[in-house]
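For reference, the structure is listed below as structure tokens.
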Amino acid sequence: LNPIIRWLLFAPFWLFSASAAWAHSSATGMAAFYEGALSVYTVPCTLIALVGFGLILALQKLTAERAWQAFAAGGLVGLGAVQLGLDIADPELPLMALGLLAGLFIASGVALPLTSALAGGAVLGFFFGVISAPHPGPVAAMVLTALGALISANVLLFYVAAVISFVIGKFQYAWLKIGLRVAGSWIAAISLIVLALDLSTPAIDEAIESDTGSIAEDAAASAGQARWLRSNDRRLASPTR
Amino acid sequence: MHLSRLMFALPVALAICAVAIDPAWAHTGEGLTGGFLSGFEHPITGWDHVVAMVAVGLWGAFLGRPAIWILPIVFPLVMALGATMGLAGIPLPQVETGIALSAVVLGLVVALAFRAPIWVAAVLAGVFAVFHGYAHGTELPESADPFAFAAGFVIATGLLHVAGIAFGLLTKWPAGSVAVRTGGAAIALAGVAFLTGIV
């Protein structure tokens, strides 16, 4: 690889190392952008689906570029659809299902056909766009939040796909690919569990969505899931959906 | 050192140093961190889980390819199904017995160097994975963060398999094979202790 790209691959480690000084940004007006960017990493279903998709891109170099383009196009369509009035009650479910599928494909070692890779990328992008659509507010803030989410997601995809692809290409060890398949099974397992949890608590989610906090608290308490409720509250309090 | 090697080694070394810098421990115990840690600790602080997971890795290493990687792939996937059953409230009788039995059976197959066909090994590991997953699943809603809890216990389970595989690789040498089989016997004995309630 080009030395510049090689150094760039390790840039995130240096960024993460400078932890304390980044707590409070001095750049005013950029909060919306940062919040959009961070939403990619703080919404678990988004993060795991993107990591799964990134691993597929790394393993399937031939289809990676077009699948990535399909993801980007799907993201724009999803963002636009929400602004045009589309309302999907729980976009986390399809994202978790896509994470599960991605994990299963990686674990099984089955090569994804081009059409499936394109369709998968587009659908993932669409639901990512839906879940990342900003809440109504000033246009500039909404655009910045959406932009932050899109850039952040694509940066994450680049690093997952590029780092894994680089490592596989550089070190031709068989156990590396086996390790990836094991990682795929972990992604599928985590997605399945969270998907099941999401499906098993529809009443709680419904109550939260309709902003009847006390009912949601009661439902959660009776089910012994107050902490799950708090995590939902935190998610819903974020500037994106 | 050759320049191209240096160009690779230097960023890797810097990256390791960057990650090694003292992290900010300002927020611990709640949310994602708390959920991950409690999920991660769940398999590794329960001896019945630990010995069974290690036994899966040992058996995989003992059987060689493809079992060495198929078992660690099958186990978490089926374990997730078990966790889903627990979350859905589907009754599963004798969960603790099933977990203890997993240590007995998996320990014995390692101790006896039982070379089962791959599908038998996968089915056996999968059946026991249901019990382990069910136990994790029923405790999952109490966690600080469900996603983090799930990620924690899946990763911890996988790492226990890796530990078992690493130990199991000793079977390449005659003395190592004896050590691994002895380890399997110890796991089976521990399983008996769990089963009879001694431990």
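Naming: A, B, ... by sequence-line order, numbering from 1 per chain.
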| said: If I take atom CZ from residue B:Phe153 and atom CD1 from residue A:Ile190, how far apart are they, to the nearest 0.5 angstrom? | reply: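 Here the rounded value is 8.5 Å.
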
| note | Distance col, row B:Phe149:CZ vs A:Ile193:CD1, nearest 0.5 angstrom, shows 9.0 Å

| query | What option among B:Ile70, B:Val162, B:Thr84 has the most heavy-atom pairs under 4.5 Å with chain A? | reply | B:Thr84

| field | Choice from B:Ala151, B:Pro72, B:Gly86 maximising heavy atom contacts with chain A below 4.5 Å | value |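 It is B:Ala151.
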
What heavy-atom pair brings [X] and [Y] nearest, and what distance separates the two atoms?
{"X": "A:Ala107", "Y": "B:Ile73", "answer": "O-CD1, 3.8 Å"}
{"X": "B:Pro76", "Y": "A:Ala189", "answer": "O-CB, 3.4 Å"}
{"X": "B:Leu77", "Y": "A:Ser185", "answer": "CD2-O, 3.6 Å"}
{"X": "B:Gly158", "Y": "A:Trp186", "answer": "CA-CZ2, 3.3 Å"}

| request: Under 4.5 Å heavy-atom distance to chain B, tell me which part of A:Leu104 shows up: side chain, backbone, both or neither. | output: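 Side chain only.
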
| Given a strict heavy-atom distance threshold of 4.5 Å, which part of A:Leu195 is in contact with chain B: side chain, backbone, both, or neither? |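 For A:Leu195, there is no contact with chain B at all, as no heavy atom is under 4.5 Å.
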
| field | Intermediate values then yes/no, side-chain contact (heavy atoms from CB on, under 4.5 Å), A:Ile48 and B:Phe147 | value | CA-CA 10 Å; A:Ile48 202 153; B:Phe147 168 79; 4.0 Å; yes

